[in-house]
Amino acid sequence: MDCTLPAVAEELLKEIKKAFQETSHDTLFSRLKFIFGPSAVPALDLVDQRAVTRVTSPSGRTAYQVLGSSGKLYTCYSSCHFCTCPAFGFTVLQKSESLLCKHILAVYLSQAVGACQELSVSEEQLISVLLAEEEDEG
Amino acid sequence: LRRGGLAERLCRLQNRERSAINFWRHQCISDAKISSDKSGVLIVKILEMFEECTIQVAICQQLQQTPATLSSEDAVVSAGEPILKVLFVRETAAQLKSRPQDVIHIYPPWQKLLLKNADVPIILNTYFSQKVLPSEHSETGEKVHSLAKMVIRRNIISLAQTFRLDDLDDELHQAGNQVACAPQIHNSCGSKQHSLAQSAVNDSLLEMVESQGAVGWREVKVRVVIQRVYCLPAREGYGSHFQGNKPLLSNRGMFCRLCLLVQDAYGMFSEVQLQSLSSAGDVEQYCRMWEGKFCCLAGMKILQRTTRGRALGLFSLIDSLWPPVVPVKVPGQSQGSEMRTTELPPPSFCYILTVQSDEIHVEVDKEEQISNLYQPPAVHGLKEILQMDGCNERCSFWAQVLYLRLQTKHTVPLNQREIWLFVTDSTLQNVAHMIPKVVAVSVAASCVLSTEITGGLDAASQRVFFKDALWGNGRIICVERTVLLLQKPLLCSAAGADLSELTGPVRLDELDSTTQANSICAVRGTVVGVNERTAFSWPTCDRCGNGKLELCPQDRGLLYCNQCSDTVISPVLKMQLEVFLSCPSRSQSTVKVKVCLCPRLFVLINSLLSLQSYEVQSVLGKEVGLLNCYVHSVTSHPNCVGLEEIVLL
C-alpha cells in the first residue's frame, strides 16, 4: 500500500513555494514601478536587505532609521513625510518631482511585507535620533 | 541587488516591460499602423488635466464610440458616461502632448485601481497610449489650438499627509477617543488606556477589543444582543489554538462549533465562536433559548478581524440585519445622543471572538425580555424570493420538502456531499404559469444540519423552516450560517398566513421545453421503445432495503444482508428498466425514463409488466402518466431528456 504522507507533504511544500513565488506579484510590482518610478527598485532593495528599523521609546514616540546603500543611516519621521537624505531635500522638497524618496518608500514597503526591524530605546536616545545634526556632505 | 529578492524581481519585470514600451513608442512616432485589434482598448476623452510630481493626471470620460465616428468637436459631455482618472508618466505625457478634449486610445496592458472611498476608478500603466487625430474637416481648427502653449496646473502635495496601511478607518472607530498611536491593536500605549476595570459592564465591543492586553481586561464584560445562533463547521487550524477543545459532533460526522452573531449598542457586530457544550444538543434549541436576548460576554479572545472582502458569507448575514431597527449609540458622545440609522453605512469589518477557556462565558438573561435591537428573520413566500433582485441576499422561508437527492460525486466523502432538496409552498403551487411549482434548494456541506433534520428529512415529507438561506444567480443555497429548523421560531415576522401549508395535493410542473436538468417534473406519454440493454433485476433485503446482498457463506442457496447481519429469507425483487416515451408536451425530444419497479412503487407500467419477464411488444404503444420524475440530463444535440422515476416524500 502506498504511503499517503509523502505526497501530502510534497503538495504542501509545493503550495508554499507557489505562494511565495507567485507571478501575480508582478501586477503589484508593475503598478509600484508606474507610480514611484526610479525609487521603486532601490526601495525594494532596501526591504530585501532588512535595512529599515522602527525605533520606539517608552512614551510611544516612533521614528524610522534606514541604512542607506552607502552605509549611512538616515532618519525618516512617522508623523509626516520627511527623510534626512539629500535626495529627499532635492527631489521632493525642492523640485516636487516625487512623492517620497526611496527611504520613505522602503519604510512603507517594510511595514507592508513585515520586514521592519524593531528597536526600543530610551527617550533621550530617541530625541537624539530625531534631532540629529546633519553631516555636511560638501 | 540581492538574489531572489523583491528588487531583483521588479528589475526583471521592468526589463521585460521596457522593451515593449520602447517598441510601442517607436511605432507611434513613425506613424506606423497600430494593430487594429480593438479588444481591451480603453478610449477616453480628456476633460481636465493637472500634474502631480511627475505624473500627469487626466480626468477623462470613457467613450464607447470608435474613432472613425468621433469628431473632436463633440464637446458635449453626456451625462452617464463613466468618468475616469487616467495617470500618465512623464515620458508618455511628453509623447502624447495631450490637451483637454483630446481622445486617447489606451492599449492593454493597462491597469485599473479602485480606491475605497472614491467613485472614480484610476487607470495605471498607460504606457501604450496613442492620441487619436481628429477628422479632416476640423484639422484647421486643431492647428490653431496647438500653436498656443499649454499650461498645466500643478498640484503640490503636502508632506503632512502620511499613508495608513491598516484600514481601521470606519466612522465608529474614528469618532472614539481611544485611538492608539499606531493603528495596531497590540501596540498599546500605556498612557492612553481606558479605565475599563472600573466599569462593571461595558456596552461597546470595540472598546473591549481595543483593551485586550491591558490591565483588568479579563474581568470586562460586554453586553450584547444575540441576533443569530448557528453552527459552523470547525476548521482544523483553529483546534490547535485551544487546549481541551471539545467541538460538537453533528450528524453528518463533521466537527462543528456553536456560534453567535452579536450586536452591541453601537450597532457593531461580532461573531462569537463558542466551544464545547455540555450536551450535543441541536442548534434549534439554542436558537429558541438565545436569539433576541441580551447576553454578557467576558474573557473573549480575538480570533480574527475580518473584512467584507474576505468573509462574504458573514457579511451577507450582517447586511440582512442592517440598518438597525432602533437608533444606535455614537461613540464619544453623551448618553442622550443617538445616530439615526439611515445615516450609518453598513459595517466593513467584524471581529471574530472566541472563548478563552473551557467554560462558556455567555450569560444569557433568560428572564429578560427580547431586545428592541433584535431583528428576527423576515419570512417570505418562495414566489417572492424567486422574484427578488440582487445577489447574495439572505432569505428565510417555510417550505415543504418533496424530494431529496444526494450528490453523486464519489470522490467526495458522504458527509461532505451536497444535498439537493426539492421544495414548494402554497405561493408556488397556486400559480398559473411562468413560475416553477417546485424549487431546488442546494444544501452545501458547509451548512450544518442537526440530527433532527437529517433523520426527519428521509422519513416523510417535512415542512422545514430555512433560516438565512442565500439567494443569488437564480438559486437558493444553504451555506454556512443557514439554519434548517423543523419548528417555527417564536419570533418570526411572518408575511401573513403560513405559506407552506398546502391546500391541495402537490402538483409538479409537467415536462416541457423549459424543463432543465436537476429538477423534478411530471411526465405523461406513450411508450415507443424499451432499452433492453439496461433492464435488470436484483434482490433486496426486505428489512432494510439493502440492494447489495451476498451469498450466504454457509448455505450458498441463501442470501445474506451485511447491514442487518442476517440471512434474507424473502428478498424483494427490484427491477430497473429504461423506456422511451413520446411526450406531447415536449414532442421534439427523445424522453428516456429510468423506471424502477418494486411492490412499494405503484406505477402504471407495473400493470403491464410481470416481475419475472416481459414482452416488449406488449409494452409498446401503451399510455403512461403521470409519472413523477427527476430530470438527470437535458441535452440539445441530440435532443434528449434523461429522467428517473421517483417517489415523492
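In what follows, chains are A, B, ... by sequence order, proteins preceding strands, each numbered from 1. All heavy atoms count here, side chains included; hydrogens, waters and symmetry mates do not.
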Which atoms of [X] are under 4.5 Å from chain A, going by heavy atoms: the side chain, the backbone, both sets, or neither?
X	result
B:Leu6	both
B:Arg90	side chain
B:Leu124	both
B:Ile157	side chain

[X] (side chain) donor-acceptor with [Y] (main chain) under 3.5 angstrom:
X	Y	result
A:Thr91	A:Glu97	no
A:Gln117	A:Arg50	yes
B:Arg154	B:Cys53	yes
A:Lys33	B:Leu10	no

Side chain, backbone, both or neither of [X] within contact of chain B (heavy atoms, under 4.5 Å):
X	value
A:Ser78	backbone
A:Leu100	side chain
A:Ile104	neither

* Structure fact -> Looking only at A:Cys80, A:Ser98, A:Ser30, most heavy-atom pairs under 4.5 Å shared with chain B are made by A:Ser30
* **Option that, when pairs with chain B are counted at under 4.5 Å, heavy atom only, ranks first among A:Val47, A:Asp48, A:Val41, A:Leu44** => A:Asp48
* Give me the ring orientation class for B:His105 and B:Tyr107: parallel if the planes are under 30° apart, tilted from 30 to 60°, perpendicular past 60°. =>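 B:His105 and B:Tyr107: tilted rings.
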* Could you tell me whether A:Phe82 and A:Tyr77 have their ring centroids closer than 6.0 angstrom? => yes
* **Residue, of B:Thr162, B:Thr54, B:Thr126, B:Leu113, that accumulates the most heavy atom pairs under 4.5 Å with chain A** =>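 Max contact count across the listed options: B:Thr162.
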* Residue pair A:His103 / A:Phe88, side-chain heavy-atom distance below 4.5 Å ->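 With C-beta onward as the side chain, the pair stays apart.
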